Amino acid sequence: SRLLQIIAERYSEDELRLLSKGHGLEDKNLTYPHICLTGKHHKIGVISDGHLGSKYSPVEFHLKAFDTFKNEDCECILHCGDLVEGLNPKRADTQIYELSHIGYKEQRNLAVEVFSQCPIQVYAISGNHDSWYSSMGADIVEEICNEVPNMQYLGYNQADITIDGATIRLF
């Protein structure tokens with residue numbers, strides 16, 4: 001009963017309907033926020049595959065990127081997935097040695113700490129590394145976005161940004 005309550009709190013009705021039918025959450029019928037910017041000229045920072053929690057992904061790289069985006073007067077940052085390294089169940093026995101932060105909680109806390117230092121609005125989607133935690137009923141990127149005031153979650157694996165009629169697809 002408690003497990004069902006936790007699951008119901010983490011997913012939308014559309015997502016629960018897909019899960020109950022044995023489908024994954026990669027359904028094209030799910031809708032997520034659609035960001036629209038008006039006007040002809042925009043400066044947007046784009047970052048992807050940060051893999052926070054991997055010992056091969058120094059935090060300093062993220063902070064340097066945030067500084068660059070700020071110095072370049074970017075209006076926002078689009079994060080195209082893989083905020084965290086995750087832990088692939090199929091290779092956990094070897095991947096564990098490549099991690100600086102082991103487990104969901106440690107990687108989430110690291111990402112919250114890092115992205116809380118970003119002075120610009122961030123729009124983010126989940127990627128395949130982030131989704132390795134979905135088998136536990138969790139969307140780590142959505143949770144990170146809920147904890148960082150200047151982050152907005154756009155959905156799992158894809159989202160659209162429209163600028164003056166042109167659509168940019170994050171995936």
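Note that this is a predicted model, so its numbers are computed, not measured.
A search for side chain to side chain contact (heavy atoms under 4.5 Å, CB included) contacts involving H62 returns I47, L52, S57, F66, V114, F115, not counting sequence neighbours. Applying the ring-ring contact (aromatic ring centres under 6.0 Å, His included) criterion to F69, with sequence neighbours excluded, gives no partner residue. Scored by the side-chain hydrogen bond (donor to acceptor under 3.5 Å, both in side chains) test, K105 finds no partners at all (sequence neighbours excluded). Qualifying side chain to side chain contact (heavy atoms under 4.5 Å, CB included) partners for Y97, counting only residues two or more places apart in sequence or in other chains: none. Legend: residues meeting salt bridge (Lys or Arg N to Asp or Glu O under 4.0 Å) with E147, ordered by chain and number and at least two apart, are R108.
The pair D73-K43 does not meet the salt-bridge criterion, since no charged nitrogen lies less than 4.0 angstrom from a carboxylate oxygen.
Screening residues 45-64 for salt bridge (Lys or Arg N to Asp or Glu O under 4.0 Å), with sequence neighbours left out, gives no hits.
With contacts defined as side-chain heavy-atom distances shorter than 4.5 Å, the pair C76/I44 qualifies. Residues V46 and I77 have side chains not in contact (no heavy-atom distance under 4.5 Å, counting atoms from C-beta outward). In this structure the side chain of I96 reaches within 4.5 angstrom of the side chain of I102, judged on heavy atoms. Within the 4.5 Å cutoff, no side-chain heavy atoms of I140 are placed close to those of S126. Taking the side chain as every heavy atom from C-beta outward, D130 and D82 approach each other to under 4.5 Å.
Following chains of ILVMFWY side-chain contacts shorter than 4.5 Å, one cannot reach F61 starting from L78, and the two form parts of different hydrophobic clusters.
Donor-acceptor pairing under 3.5 Å is recorded for the side chains of Y153 and D139. In this model, no donor atom of one side chain and acceptor atom of the other lie less than 3.5 Å apart for Q107 and H101.
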Tell me which donor-acceptor pairs under 3.5 Å the side chains of residues 116-125 have, and how far apart each pair is, sequence neighbours excluded?
from, atom 1, to, atom 2, distance (Å)
S116, OG, V112, O, 2.6
Q117, NE2, E113, O, 3.3
Q121, NE2, N150, O, 3.2

Show me the side-chain donor-acceptor pairs of residues 84-91 shorter than 3.5 Å, one per line, residues at least two apart or across chains.
from, atom 1, to, atom 2, distance (Å)
E85, OE1, H51, ND1, 2.8
E85, OE2, Q95, NE2, 2.8
N88, OD1, K90, N, 2.9
R91, NH2, E98, OE1, 3.0
R91, NH2, E98, OE2, 3.0

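With S100 contributing its side chain and G53 its backbone, the two residues share a donor-acceptor pair below 3.5 Å.
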- Task: Starting from the C-alpha separation in whole Å, work towards a yes-or-no answer on side chain to side chain donor-acceptor pair (under 3.5 Å) for S131 and N157.
- Result: CA-CA 9 Å; S131 69; N157 217 29; over 6 Å; no
